[in-house]
Asks: 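Before we start, here is the structure in question, set down as structure tokens.
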Amino acid sequence: MGTRPRERGEIVLAAAIVMIVVQLVWKFGLVRRTYFRQDDFTFIARGLEQELSWDYLMRVDYGHLVPGPFAVHWAMGRLGVYNDVLAHAITIGLQAAAGLALLWLLKLLFGTRPAILVPLALYLLTPMTISSLSWWAVVIETLPFQVALPMALGSQVLHARTGRFRYAVATAGWAVLGMVFYVKAPFILVLAFVLTVGWLPRARRRPAWLLYLAVIAVYAAVFFRQLFTSVQLTNDTVRPALPDPAVAASFAWKLLSGSFVPAALGGPWRWHPITEDYAIAATPPAPMWAALGVAAVAVAASLVYRRRAWLAWLTLLAYFVLADVVPVMIGRVAQLGPDLGGMELRYVSSTAVVLALVVGLAFIPVQGEERPWLRPPPRLRHAWIPLAAAVAAGSVWSVTAYARLPLGEHVRSYVETGRLALQRAPAGAVILDAHVPARVVEPQFFYDYARVSKVLGPLAADRPLTWARRLSGPLPNPLAFDPEGRLRPVSVEGLTIPQRGGCTPVPGRETRFPLPLPMPRGEWTVQIGYLNPAATRLAVRLGGAEETVPAAKDFGWTFATVTGGGAELVVRTVDGGTACVGEIRVGVPRPARHGTPTPLQPVTAGRR
């Protein structure tokens with residue numbers, strides 16, 4: 001009889017371990033199909049460009065002070081550049097660590113009773129974290145935080161119960177580790193304070209609180225200094241500003257009602273793809289209101305029976321507002337808008353571990369807690385089981401729906417095709433440094449880091465290739481990447497000025513070539529064919545400034561990039577000699593539609 005509680009505890013722990021392993025296998029099915037996306041490429045390219053220095057690590061990127069992820073991106077670029085297998089291994093390893101850390105915290109707080117399996121299952125199953133698992137830059141920020149938070153709070157529980165200062169040092173250490181990876185980590189020490197005051201009131205606090213305040217103060221000093229001095233991709237510094245109050249209120253409500261609460265109860269049930277490899281919540285109105293109603297009933301039930309349940313829910317609400325809403329409200333909601341930003345689950349993904357803790361505190365007595373109940377719990381102690389089953393079923397449905405996306409299939413195909421194309425490109429090839437497709441990296445957000453030299457260039461760093469943003473001079477066979485990642489000959493698409501009788505002599509005075517149609521003002525590439533008796537230089541003008549380019553002896557092509565517009569192209573020789581100009585094309589350089597691609601077929605996800 002004396003061993004029965006111990007045996008029950010062992011069964012609970014065994015069940016918890018099985019749950020963690022099963023969710024790892026389940027989530028790996030999704031993770032293994034993901035690939036690097038959007039700013040992942042930017043961060044890896046920046047890491048390859050720079051040394052592992054203080055300036056590189058401590059740059060605040062649009063409100064994020066993340067030296068840990070920057071260090072990981074720096075290393076990732078030197079371990080295969082886009083090593084998705086390594087990224088997947090790190091993701092699953094961190095997910096396992098987060099599950100075990102939460103289990104340890106729940107065991108310390110509540111004991112090894114079967115009830116701890118409920119908040120643990122909530123964390124393991126919730127779709128709140130799923131979209132974040134498909135984005136490497138988000139993974140490497142949020143998952144270390146989800147490990148550090150329960151480890152820090154568990155250490156604080158031990159400090160409160162034993163009075164040993166070394167546990168307070170461990171709490172601070174775990175919080176600092178979280179701060180290295182995620183900007184929300186200072187709230188770990190605030191949660192430690194609330195947990196201690198609310199549920200561990202006999203703790204000896206003062207030395208620990210002084211230590212925690214010192215950690216937060218140092219972090220705040222470093223953060224705000226770097227925030228206002230770090231140069232962004234726009235070549236300016238951050239200027240935080242509050243949005244319009246109506247926009248802010250709309251964003252907060254949508255994030256709460258359309259994202260956080262439905263996801264906590266198995267939603268959003270439906271997704272809205274914003275690219276091929278990512279989606280935001282698209283919670284239907286009826287399930288959204290039903291989720292809000294169920295949440296209200298659950299909160300009310302805990303308030304009726306559980307002492308200090310009000311503090312648990314107030315803590316969750318305060319964390320949601322201060323850690324999830326305010327940073328986005330200051331930094332990004334003006335650009336994203338309340339509708340897009342409010343349905344973005346990655347803004348609340350790290351709150352899943354806080355939600356699990358709060359659910360435990362609101363319904364389960366803490367070990368050693370005196371008078372945990374306001375009144376005796378009802379006899380229908382298992383009435384929550386149908387709700388738990390519905391939440392679990394909804395979670396599986398939501399995750400399965402997200403997994404139907406192509407995820408990283410098309411981006412991986414583009415990168416791997418580009419890798420093969422660069423391997424087969426002739427030595428010394430000139431490649432047009434255009435932007436990659438927006439599905440890979442969006443030029444509107446990442447500017448020069450969306451160019452092929454930044455995204456694909458690192459894959460051929462040891463090859464003698466030339467990247468050209470503007471075509472200039474006699475280039476024999478310039479190449480360009482097509483939307484699938486293959487190299488094709490460059491074709492200037494636009495207007496063609498054919499030459500009759502072979503070629504037109506162009507002396508030192510201006511020769512005018514009428515265009516079939518007027519060209520609007522802009523930047524245009526001019527491709528000029530020639531058959532010259534001697535090398536010369538051509539001055540090319542299209543209603544604006546001249547561009548001077550060489551034209552070699554004999555037959556060939558030369559390119560000039562001009563800014564202007566009009567109905568005629570003006571060409572002359574600079575040295576006073578005579579050139580013989582053939583066909584002229586004026587337009588935009590693009591990969592030739594009918595040119596032979598390299599490789600002939602794109603590399604598919606299964607053929608790498």
Side-chain angles (χ1 to χ4, degrees), residues 38-39 43 58-70 128-129 131-132 135 137-146 148-149 175-176 178-191 194 215-230 232-234 236-261 263 280-281 315-355 445:
Q38 297 298 326
D39 48 3
F43 292 145
M58 302 303 290
R59 171 180 173 270
V60 172
D61 183 72
Y62 294 99
H64 292 259
L65 178 64
V66 286
F70 281 172
M128 197 178 300
T129 62
S131 61
S132 294
W135 194 338
V138 181
V139 164
I140 205 59
E141 289 185 20
T142 59
L143 280 184
F145 170 81
Q146 293 173 52
L149 188 148
V176 169
M179 294 174 190
V180 167
F181 281 88
Y182 201 36
V183 73
K184 297 180 184 181
F187 288 101
I188 291 175
L189 297 177
V190 179
L191 291 172
V194 175
V215 169
I216 292 176
V218 170
Y219 178 85
V222 173
F223 174 79
F224 285 108
R225 180 188 180 279
Q226 297 301 120
L227 174 66
F228 293 110
T229 59
S230 295
Q232 307 303 311
L233 293 181
T234 51
D236 58 7
T237 54
V238 171
R239 298 179 180 88
L242 291 175
D244 179 85
V247 172
S250 177
F251 164 70
W253 170 248
K254 283 183 168 60
L255 193 66
L256 177 69
S257 64
S259 294
F260 181 68
V261 173
I280 59 175
T315 300
L316 179 62
L317 179 61
Y319 181 89
F320 171 78
V321 171
L322 296 176
D324 295 340
V325 173
V326 171
V328 181
M329 188 180 297
I330 293 175
R332 300 194 177 189
V333 73
Q335 289 77 29
L336 296 174
D339 295 326
L340 181 61
M343 306 306 282
E344 177 60 272
L345 277 179
R346 68 185 171 95
Y347 292 145
V348 296
S349 64
S350 62
T351 310
V353 67
V354 181
L355 172 66
F445 298 141

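For the numbers below, each heavy atom of this structure counts, side chains included, while hydrogens, waters and symmetry mates do not. On a predicted model such as this, the values are computed, not experimentally measured, just so you know.
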Asks: Suppose we screen for ring pair (Phe, Tyr, Trp, His ring centres under 6.0 Å). Which residues come up paired with Phe43, at least two apart in sequence or across chains?
Replies: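 Expected list: Phe70, His73.
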Asks: Report yes if the side chains of Lys184 and Tyr319 come closer than 4.5 Å at any heavy-atom pair, otherwise no.
Replies: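 The answer is yes, as the side chains (C-beta and beyond) meet within the 4.5 Å cut-off.
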Asks: What closest approach, in Å, do Val139 and Pro144 show between heavy atoms, and which atom pair accounts for it?
Replies: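 So the minimum-distance heavy-atom pair works out to O-CD, 3.5 Å.
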Asks: Could you tell me the separation between the OG1 atom of Thr129 and the CZ atom of Arg346, rounded to the nearest 0.5 Å?
Replies: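 The CZ atom of Arg346 is 14.5 Å from OG1 of Thr129, to the nearest 0.5 Å.
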Asks: Drop me the distance from Phe187's CZ to Thr351's OG1, to the nearest 0.5 angstrom.
Replies: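 If I round to the nearest 0.5 Å, the distance is 10.5 Å.
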Asks: Work out which heavy atom in Pro186 is nearest to a heavy atom in Ile216; give both atom names and the distance.
Replies: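 Looking at all heavy atoms of both residues, the shortest contact is O-CD1, 4.1 Å.
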Asks: Show your reasoning for whether side-chain contact (heavy atoms from CB on, under 4.5 Å) applies to Glu344 and Val328.
Replies: CA-CA 11 Å; Glu344 177 60 272; Val328 181; over 6 Å; no
Asks: Please tell me if the side chains of Ile188 and Phe145 come closer than 4.5 Å, counting only heavy atoms from C-beta onward.
Replies: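 A side-chain contact under 4.5 Å exists here.
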Asks: Roughly how far, to the nearest 0.5 Å, is OG of Ser131 from CD1 of Ile280?
Replies: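 Between atom CD1 of Ile280 and atom OG of Ser131 there are 9.5 Å.
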Asks: Answer whether the closest heavy-atom distance between the side chains of Phe320 and Leu255 falls below 4.5 Å.
Replies: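 Yes; the side chains approach each other to less than 4.5 Å.
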Asks: Determine the minimum heavy-atom distance between Met343 and Gly258, stating which atoms define it.
Replies: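 Here Met343 and Gly258 meet closest at CE-O, 3.6 Å.
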Asks: Would you say Glu141 and Val183 make side-chain contact, with heavy atoms under 4.5 Å?
Replies: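 Sidechains of Val183 and Glu141: no contact.
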Asks: Quick one: does any side-chain atom of Ser259 pair with a main-chain N or O of Gly342 as donor and acceptor, under 3.5 Å?
Replies: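 Yes, because the side chain of Ser259 sits within donor-acceptor range (under 3.5 Å) of the backbone of Gly342.
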Asks: Can you name the residues that form a side-chain hydrogen bond (donor to acceptor under 3.5 Å, both in side chains) with Gln38, not counting sequence neighbours?
Replies: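 Gln38 satisfies side-chain hydrogen bond (donor to acceptor under 3.5 Å, both in side chains) with no residue once adjacent residues are dropped.
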Asks: Looking only at non-hydrogen atoms, find the nearest pair between Ser349 and Gln146 and report the distance.
Replies: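 Heavy atoms of Ser349 and Gln146 come nearest at O-NE2, 4.1 Å.
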Asks: Is there side-chain contact between Tyr182 and Leu149, with at least one heavy-atom pair below 4.5 Å?
Replies: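 No, side chains not in contact.
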Asks: With under 30° as parallel and over 60° as perpendicular, where do the rings of Tyr347 and Phe251 fit, or are they tilted in between?
Replies: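 The rings of Tyr347 and Phe251 stand perpendicular, inter-plane angle above 60°.
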Asks: Tell me, do Val348 and Leu256 make a side-chain contact under 4.5 Å, heavy atoms counted?
Replies: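 A side-chain contact is absent here, since even the closest heavy-atom pair is not under 4.5 Å.
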Asks: To the nearest 0.5 Å, tell me how far Leu340 CG sits from Lys254 NZ.
Replies: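 The CG atom of Leu340 sits 11.5 Å away from the NZ atom of Lys254.
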Asks: Is the shortest side-chain heavy-atom distance between Leu65 and Leu227 below 4.5 Å?
Replies: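 Counting from C-beta outward, Leu65 and Leu227 never come under 4.5 Å.
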Asks: Minimum heavy-atom separation for Phe181 to Ile140, with atom names?
Replies: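 Smallest interatomic distance, heavy atoms only, reads CD2-O, 3.2 Å.
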Asks: Within the structure provided, determine whether Val176 and Tyr219 are in side-chain contact (heavy-atom separation under 4.5 Å).
Replies: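 A side-chain contact under 4.5 Å is absent here.
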Asks: In sequence, state the C-alpha distance, the side-chain angles, and the governing distance for Met58 and Thr229, and then conclude on side-chain contact (heavy atoms from CB on, under 4.5 Å).
Replies: CA-CA 10 Å; Met58 302 303 290; Thr229 59; over 6 Å; no
